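All remarks here apply to the structure that follows.
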Amino acid sequence: MNVTVEDRSVAVAEGASIADVLKEALSGKKFKSVIACKADGVLLDLSSPVPASAATLVPLTADSPEGLHLLRHSASHVMAAAVRRLFPGVKVTIGPAIDNGFYYDFDVEKPFSSEDFAAIEAEMKNIADARTPFVRSELDRAEAVARFAEMGESYKVELINDLPPEVERVSLYELGDFVDLCRGPHLPHAGFVKAVKLLSVAGAYWRGNEKNKMLSRIYGTAFADEKALKEYLNMLEEARRRDHRKVGRDLGFFTFEENVAPGMAFWLPRGMMMRTILEDFWRREHIKRGYDLVQGPQLLRVETWQKSGHYDHYRENMYFTQIDEDQYGVKPMNCIGHMLIYNNAMRSYRDLPQRYFELGVVHRHEMSGALHGLFRVRQFTQDDAHIICAPEQLEGEILGVMKLIQDLMGLFGFQYKVGISTRPEDSIGTDEAWELATDALMQACRHAGIAYDINEGDGAFYGPKIDVRLLDCLGREWQCSTIQVDFTLPERFDLTYVGQDGERHRPVMVHRAIMGSLERFIGILIEQFAGALPAWLAPVQARILTVTDAHNDAAAALEAALKAAGIRVEADLRNEKLGFKVREAQVAKIPYILVVGDKEVEAGGANVRLRNGDNLGLKSAAEIEELIRTDCGEPFQRGGMRYSFA
């Protein structure tokens with residue numbers, strides 16, 4: 001038989017491995033960089049025999065996305081082998097590759113700490129330097145159970161026993177004296193695992209069930225070369241510097257009281273000021289674009305959630321309470337309230353579309369281990385809107401939402417990616433409705449000239465959706481905006497409108513959120529700007545610093561003038577050295593630092609410094625006002641900016 005390798009036809013000898021064929025087809029240098037191969041799209045080890053049906057072989061290197069994932073998976077095995085050598089008696093569980101790295105969970109008497117990393121990395125290096133091969137074998141499942149039981153690896157025995165009955169054989173990989181249960185594929189040898197770094201430790205319940213034993217998890221990462229690893233580690237260090245949990249605490253934006261309300265933020269004065277500015281700006285944008293502001297209740301009878309399908313498909317994420325003899329669900333989203341608002345009156349085709357906007361507080365049950373600052377909370381605010389329209393209006397409404405997303409991302413300088421998520425297994429509605437909704441999303445993206453990926457089976461249970469993932473300054477992706485088309489809930493809640501023919505018709509509903517979770521979006525903004533928020537959003541736009549007490553009256557007069565102009569300003573009149581007060585203002589990320597001394601008092605103004613250290617020189621109060629207004633730009637002109645700060 002012949003196979004094609006990089007547009008070259010290569011003869012395959014009987015019993016030849018993939019490595020045999022690639023060695024003949026590729027140059028020696030290129031072959032040495034190959035770590036696996038795709039045979040007609042199926043990823044295989046190089047030691048695998050060439051499939052009899054194979055037409056093409058595509059070599060895979062570690063610098064490709066699939067190759068990097070395979071490298072990291074193999075690195076987790078190398079780490080597990082090193083741990084087994086260094087810590088006799090440890091039991092291994094699972095160790096997959098994940099986004100940006102890998103982890104492995106261990107059952108060990110004393111949980112690992114970062115102090116163990118140096119020894120583990122040194123042993124991993126020994127395994128890599130020895131170019132220890134990955135050797136695949138297959139056993140009957142009963143033989144595999146017996147082998148792992150003899151080794152004392154009870155977790156592997158459990159995994160095998162839980163496989164479907166039709167699985168008769170399982171694959172194992174040996175790496176020196178370390179044997180693991182794994183489907184593979186893997187690297188030819190451990191020598192490719194050199195640019196590797198262990199990063200952190202955490203506790204993790206076996207199989208994610210809090211009723212099971214707590215395991216010790218080691219996270220790490222691996223790259224094709226040291227340069228890529230160094231760039232990634234530098235990015236992690238920068239991400240730590242920008243961590244919104246630390247920056248937000250240092251700037252006095254928010255706090256968490258885990259013993260009182262885990263996963264729920266307490267907004268401090270400066271953070272609440274910033275949040276209020278953002279919310280007010282966002283309400284004005286929606287009013288300008290034809291949305292009506294509404295608000296629904298926090299609690300709805302459980303029968304309502306049963307009617308919507310949330311009780312059957314989403315209740316594990318909800319909170320419930322009882323009032324008198326009735327059970328209520330705390331809303332995890334705002335769509336039900338908006339449909340009930342729509343049904344408050346008879347609607348005509350002339351009334352459509354109806355666009356309802358609510359900054360709605362919602363609650364969702366999250367596992368305690370998943371909580372993470374503002375990024376994953378149990379109480380959050382959605383910039384939620386629902387558009388109820390005639391089917392023929394659907395595409396235009398989706399395009400309007402896409403324009404709003406583009407405007408918001410442009411305001412903050414975010415790049416973004418778009419994906420369309422299709423019907424999941426756990427869903428409601430007819431195939432026809434899902435097909436119509438999915439097609440509407442695709443058509444809108446095409447007409448807007450927006451490229452998109454398909455995320456199979458990742459839609460909401462009631463409809464497909466457009467997901468927008470913004471990219472921050474470190475290249476990280478964040479899921480924020482979503483647009484969902486829903487033919488099903490209007491049917492369940494009997495939403496109708498009177499058409500031109502005088503008959504009742506069924507509208508379609510668009511669920512959409514642009515920022516998504518307001519808390520998460522604020523966390524992203526804090527990290528994007530490392531706390532140095534744009535002047536229009538900064539809770540304090542200017543701080544006046546006096547050189548001595550003799551300048552306090554002039555500083556107070558300047559403060560009053562700027563506050564009257566709508567500038568958020570405060571005065572630091574403490575009897576401290578000027579240099580100390582300047583450094584404090586810079587650490588607080590205040591955009592404008594206004595110094596008042598003898599010369600400034602005489603001129604009736606202040607010396608203007610920026611938080612980055614630039615000095616703009618002496619300016620009058622009017623010039624300072626204009627400077628800040630110009631810096632704030634369009635959001636200031638739109639309103640929502642004139643807040644004083646005491």
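Since this is a predicted model, take the numbers as computed values, not measurements.
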Spell out, as yes or no, whether a donor-acceptor pair under 3.5 Å connects the side chain of [X] to the backbone of [Y].
| X | Y | value |
| --- | --- | --- |
| Q528 | C473 | yes |
| R629 | A565 | yes |
| E121 | L198 | yes |
| R270 | V540 | no |
| Q541 | A535 | yes |
| H244 | L374 | yes |
| D116 | S113 | yes |
| R289 | G400 | no |
| D383 | M515 | yes |

Kindly compute the distance separating [atom1] ([X]) from [atom2] ([Y]), expressed to the nearest 0.5 Å.
| X | Y | atom1 | atom2 | result |
| --- | --- | --- | --- | --- |
| E66 | S64 | CD | OG | 6.5 Å |
| M274 | T276 | CE | OG1 | 9.5 Å |
| F521 | L470 | CZ | CG | 6.5 Å |
| L594 | L545 | CG | CG | 7.5 Å |
| I590 | R611 | CD1 | CZ | 8.5 Å |
| R512 | Q484 | CZ | CD | 11.5 Å |

Over 12 foreign heavy atoms within 6.0 Å of [atom1], [X]:
| X | atom1 | value |
| --- | --- | --- |
| N317 | CG | yes |
| E115 | CD | no |
| D99 | CG | no |

Look at the aromatic rings of [X] and [Y] and report parallel, tilted or perpendicular, splitting at 30° and 60°.
| X | Y | value |
| --- | --- | --- |
| H338 | Y356 | perpendicular |
| H286 | Y291 | perpendicular |
| F375 | W478 | tilted |
| F412 | F414 | tilted |

Which heavy atom in [X] sits nearest to a heavy atom in [Y], and how many Å separate them?
| X | Y | answer |
| --- | --- | --- |
| V596 | A606 | CG2-CB, 4.0 Å |
| P96 | I94 | CD-C, 3.9 Å |
| G296 | E358 | N-OE2, 3.3 Å |
| I398 | A444 | CG2-CB, 3.4 Å |
| K194 | E226 | O-OE2, 3.4 Å |
| L229 | K197 | CD1-CB, 4.1 Å |

With side chains defined as the heavy atoms from C-beta onward, is the minimum distance between [X] and [Y] less than 4.5 Å?
| X | Y | answer |
| --- | --- | --- |
| E397 | R355 | yes |
| L68 | L71 | yes |
| P111 | V201 | no |
| N100 | Y219 | no |
| Y314 | P332 | yes |
| V401 | I514 | yes |
| I466 | M402 | yes |
| V418 | I405 | no |

Self-check item: Qualifying ring pair (Phe, Tyr, Trp, His ring centres under 6.0 Å) pairs with a residue from residues 537-594, counting only residues at least two apart or across chains
Solution: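 Ring pair (Phe, Tyr, Trp, His ring centres under 6.0 Å) check on residues 537-594 returns no pairs.
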
Quiz prompt | Test ring pair (Phe, Tyr, Trp, His ring centres under 6.0 Å) applied to Y104 and F106, step by step | solution = CA-CA 7 Å; Y104 213 110; F106 301 94; 5.1 Å; yes

Exercise. List the steps, then state whether side-chain contact (heavy atoms from CB on, under 4.5 Å) holds for L558 with E600.
Key: CA-CA 11 Å; L558 177 61; E600 289 77 23; over 6 Å; no

Quiz item: In chain order, what residues pass the side chain to side chain donor-acceptor pair (under 3.5 Å) check against K581, with sequence neighbours excluded?
Solution: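 By the side chain to side chain donor-acceptor pair (under 3.5 Å) rule, K581 matches T546.
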
Can you tell whether the side chains of [X] and [Y] come within less than 4.0 Å, N to carboxylate O?
| X | Y | result |
| --- | --- | --- |
| K288 | E285 | yes |
| D225 | K227 | no |
| E279 | R275 | yes |
| D467 | K465 | yes |
| E519 | R364 | no |
| R241 | E238 | yes |

Exercise. Show your reasoning for whether salt bridge (charged side-chain N to carboxylate O under 4.0 Å, His left out) applies to K599 and E602.
Key: CA-CA 5 Å; K599 184 172 62 174; E602 183 179 346; over 6 Å; no

Practice problem: Please say whether the positively charged group of R217, taken as NZ for Lys or CZ for Arg, lies over the ring of Y103, i.e. under 6.0 angstrom from the six-membered ring centre and within 45 degrees of the axis. | Solution: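 Flagged: R217 positioned over aromatic ring of Y103.
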
Quiz item: Taking the six-membered ring of F223, is the NZ or CZ of R72 close enough (under 6.0 Å from the centre) and on axis enough (within 45°)?
Solution: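 Yes, a cation-pi geometry holds between R72 and F223.
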
Quiz item: After noting the C-alpha distance and the side-chain angles of M409 and S481, does the key distance pass the side-chain contact (heavy atoms from CB on, under 4.5 Å) rule?
Solution: CA-CA 10 Å; M409 298 303 172; S481 307; 3.6 Å; yes

Practice problem: Run the numbers on H69 and H73 for ring pair (Phe, Tyr, Trp, His ring centres under 6.0 Å), then give the verdict. | Solution: CA-CA 6 Å; H69 188 271; H73 183 193; 7.2 Å; no

Exercise. Using the test side chain to side chain contact (heavy atoms under 4.5 Å, CB included), find all partners of K619 that sit at least two apart in sequence or belong to another chain.
Key: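 Per chain and number, K619 pairs via side chain to side chain contact (heavy atoms under 4.5 Å, CB included) with V608, L616, E623, I624.
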
Quiz item: Could you go step by step and tell me if L518 and F380 meet the side-chain contact (heavy atoms from CB on, under 4.5 Å) rule?
Solution: CA-CA 7 Å; L518 194 67; F380 59 94; over 6 Å; no

Exercise. Please report the C-alpha distance between L537 and F281 in whole Å, then the side-chain angles of each, then the deciding distance to 0.1 Å, and finally whether the side-chain contact (heavy atoms from CB on, under 4.5 Å) criterion is met.
Key: CA-CA 10 Å; L537 191 55; F281 162 72; over 6 Å; no

